[in-house]
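By convention in this document, chain letters (A, B, ...) are assigned in the order of the sequence lines, proteins followed by strands, and residues within each chain are numbered from 1.
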Amino acid sequence: MFKKSIKSLMANNNHTLEILNVLKEASLSGSILDASKKLNVSNKQFIKVESNNIKKLVNKESSECSNNVTIKFQRMLRSNLPDTIIKYSFFNDSVFGPGLIASTDSGVCFLGFDETANANTSSILYKDLTKRYFEAACFQEESTKIHLQIIDYLKFEEKNKDIDITVNILGTDFQFEVWKELTRIPKNKLTTYSKIGINIAKPKSFRAIGTTIGKNPIAYFIPCHRVISADGNIGNFRWGSNVKMAMIGWESLN
DNA sequence: ACCAACGCCGTAA
DNA sequence: TTACGGCGTTGGT
């Protein structure tokens with residue numbers, strides 16, 4: 001169904017709204033990630049969004065659309081990690097594809113996606129988790145309540161559902177400052193790396209902000225996908241531009 | 001403690 | 001498109 005639309009997009013010079021229409025069609029058939037993959041893989045242009053439309057999104061007045069996600073930050077100390085147990089679960093059926101979620105007794109410590117549908121212990125996700133918290137003991141545990149709740153949420157079967165999540169993560173002062181700032185970006189709005197810098201009173205730190213956002217341990221809920229390049233390109237994304245595009249597209253529709 | 005290298009950048013040419 | 005400045009973090013001495 002959306003294959004046809006994608007072809008016509010390739011013929012024209014596609015713009016954001018057209019891309020989003022394709023994503024919309026795709027989401028109706030339950031495969032927004034597949035559509036994003038096709039958009040991205042077939043033509044690099046498809047991840048470049050047209051400047052007027054992106055301007056609209058970036059400069060959109062907040063917040064006619066409020067967040068329905070509330071994040072509480074619980075700081076993890078590296079020195080406690082040897083005594084920490086981390087439980088992790090793989091999942092396969094979120095709107096944004098397969099992924100990995102992990103938590104300690106105090107909160108969620110990791111959430112990532114893998115567009116290559118390779119969510120298992122040989123995946124980049126598992127390597128990231130175990131490298132990040134290498135001192136801790138990690139166990140696979142599929143029935144962890146918070147995991148089930150979040151995996152269920154990521155199917156988005158219920159519209160505009162509220163959710164509160166406590167995250168228990170490792171980071172420097174600067175990193176926490178940046179990640180907290182991300183949670184202040186309203187849903188359905190985009191911003192840029194440099195604007196984040198201005199907001200945290202470090203206007204020249206945009207390069208470091210990119211690095212920090214790339215280390216965001218909790219994908220989607222700490223919404224690093226809402227940050228794009230100042231030139232209107234969608235920018236990079238640790239879990240792949242396809243997933244980023246899918247998230248932006250999804251939020252613009254919901 | 002020091003320094004080099006790196007990364008979801010920005011912008012000038 | 002390319003090049004380079006600038007900024008925190010990291011991993012090597």
Side-chain angles (χ1 to χ4, degrees), chain A residues 13 16 19 33 36-37 39-41 43-52 54-55 57-59 71 73 75-79 81 96-97 99-100 109-116 123-125 127-136 167 169-185 187 189-252:
Chain A
N13 223 348
T16 311
I19 292 176
L33 180 62
S36 303
K37 278 185 192 172
L39 285 172
N40 190 21
V41 168
N43 190 334
K44 212 174 177 181
Q45 267 191 332
F46 286 16
I47 63 170
K48 180 159 184 157
V49 267
E50 192 263 354
S51 59
N52 282 334
I54 211 68
K55 222 179 195 175
L57 284 170
V58 171
N59 293 328
I71 298 290
F73 284 84
R75 194 158 186 167
M76 184 189 277
L77 295 179
R78 179 129 257 162
S79 55
L81 272 177
F96 309 122
L100 172 63
C109 65
F110 185 88
L111 174 61
F113 296 88
D114 187 344
E115 60 174 320
T116 66
S123 70
I124 181 178
L125 293 171
K127 288 188 184 114
D128 189 315
L129 171 71
T130 50
K131 187 184 176 196
R132 201 181 279 261
Y133 303 117
F134 68 91
E135 306 99 322
V167 297
I169 54 180
L170 211 53
T172 64
D173 289 347
F174 179 80
Q175 287 167 341
F176 268 77
E177 214 176 346
V178 171
W179 294 334
K180 282 182 179 172
E181 187 59 32
L182 295 182
T183 66
R184 297 189 194 105
I185 310 168
K187 184 179 169 185
K189 186 174 186 300
L190 299 179
T191 189
T192 66
Y193 298 91
S194 49
K195 287 190 177 203
I196 298 277
I198 292 166
N199 287 352
I200 64 170
K202 290 178 183 169
K204 290 185 201 162
S205 66
F206 45 80
R207 190 83 168 77
I209 286 172
T211 309
T212 294
I213 292 179
K215 289 182 184 162
N216 172 21
I218 315 290
Y220 186 74
F221 293 107
I222 297 180
C224 61
H225 59 281
R226 295 178 194 155
V227 189
I228 61 164
S229 295
D231 61 7
N233 284 318
I234 191 149
N236 285 314
F237 195 66
R238 178 157 185 76
W239 313 117
S241 305
N242 301 319
V243 175
K244 187 172 185 176
M245 193 71 219
M247 287 179 179
I248 293 174
W250 180 256
E251 290 194 330
S252 72

With the side chain defined as heavy atoms from C-beta on, A/Phe174 is closest, among C/dG8, B/dC8, B/dG10, to C/dG8

Subject >> Flag, side chain of A/Trp239 to backbone of A/Leu125, donor-acceptor distance under 3.5 Å >> reply: no

To the nearest angstrom, the CD1-C1' distance between A/Ile228 and B/dG10 comes to 13 Å

Do A/Asn199 and A/Thr191 come within less than 4.5 Å of each other through their side chains, counting heavy atoms only?
no

Of A/Phe206 and A/Asp173, the one whose nearest nucleotide on DNA chain C sits closer to the 5' end is A/Phe206

- Message: Does a side-chain N or O of A/Ser194 approach OP1 or OP2 of B/dG10 to a distance below 4.0 Å, or not?
- Response: yes

Side chains of A/Arg75 and A/Asp173, heavy atoms from C-beta outward: is any pair under 4.5 Å? yes

### Query
So, the side chain of A/Arg238 versus the backbone of A/Asn216: is there a donor-acceptor pair under 3.5 Å, distance only?
no

Of the listed B/dG10, C/dC7, B/dC8, the closest approach to the A/Lys204 side chain comes from C/dC7

Between A/Ile185 and A/Ile196, is a side-chain contact (heavy atoms from CB on, under 4.5 Å) present by the stated rule, with each step listed?
-> CA-CA 9 Å; A/Ile185 310 168; A/Ile196 298 277; 4.2 Å; yes

In whole angstroms, the gap separating P of C/dG8 from CZ of A/Phe176 amounts to 18 Å

The nucleotide from C/dG6, B/dG10, C/dT9 with an atom nearest the side chain of A/Thr192 is B/dG10

Rounded to whole Å, the CD1-P distance (A/Ile234 to B/dG10) equals 14 Å

To the nearest angstrom, the CZ-P distance between A/Arg132 and C/dT10 comes to 10 Å

Between CH2 of A/Trp179 and P of C/dG8 the distance, given in whole Å, is 15 Å

Heavy-atom nearest nucleotide on DNA chain C taken for A/Ala208 and for A/Lys131; more 5' hit belongs to A/Ala208

- Query: Looking at C/dC7, does its base get a donor-acceptor pair with the side chain of A/Arg207 below 3.5 Å?
  - Reply: no

In whole angstroms, the gap separating P of B/dG7 from CD1 of A/Ile213 amounts to 16 Å

Using Watson-Crick geometry (N1-N3 plus N6-O4 or O6-N4) or G-U wobble (N1-O2, O6-N3), each under 3.5 Å, B/dA4 is paired with C/dT10

Of C/dT10, C/dG6, B/dG7, the nucleotide closest to the side chain of A/Thr211 is B/dG7

note: A/Glu177, atom CD; C/dC7, atom C1'; distance rounded to Å ~ 13 Å

>> Is there a side-chain contact between A/Asn236 and the phosphate of B/dC9, meaning an N or O under 4.0 Å from OP1 or OP2?
In response: yes

Rounded to whole Å, CD of A/Gln175 lies from P of B/dG7 at a distance of 15 Å

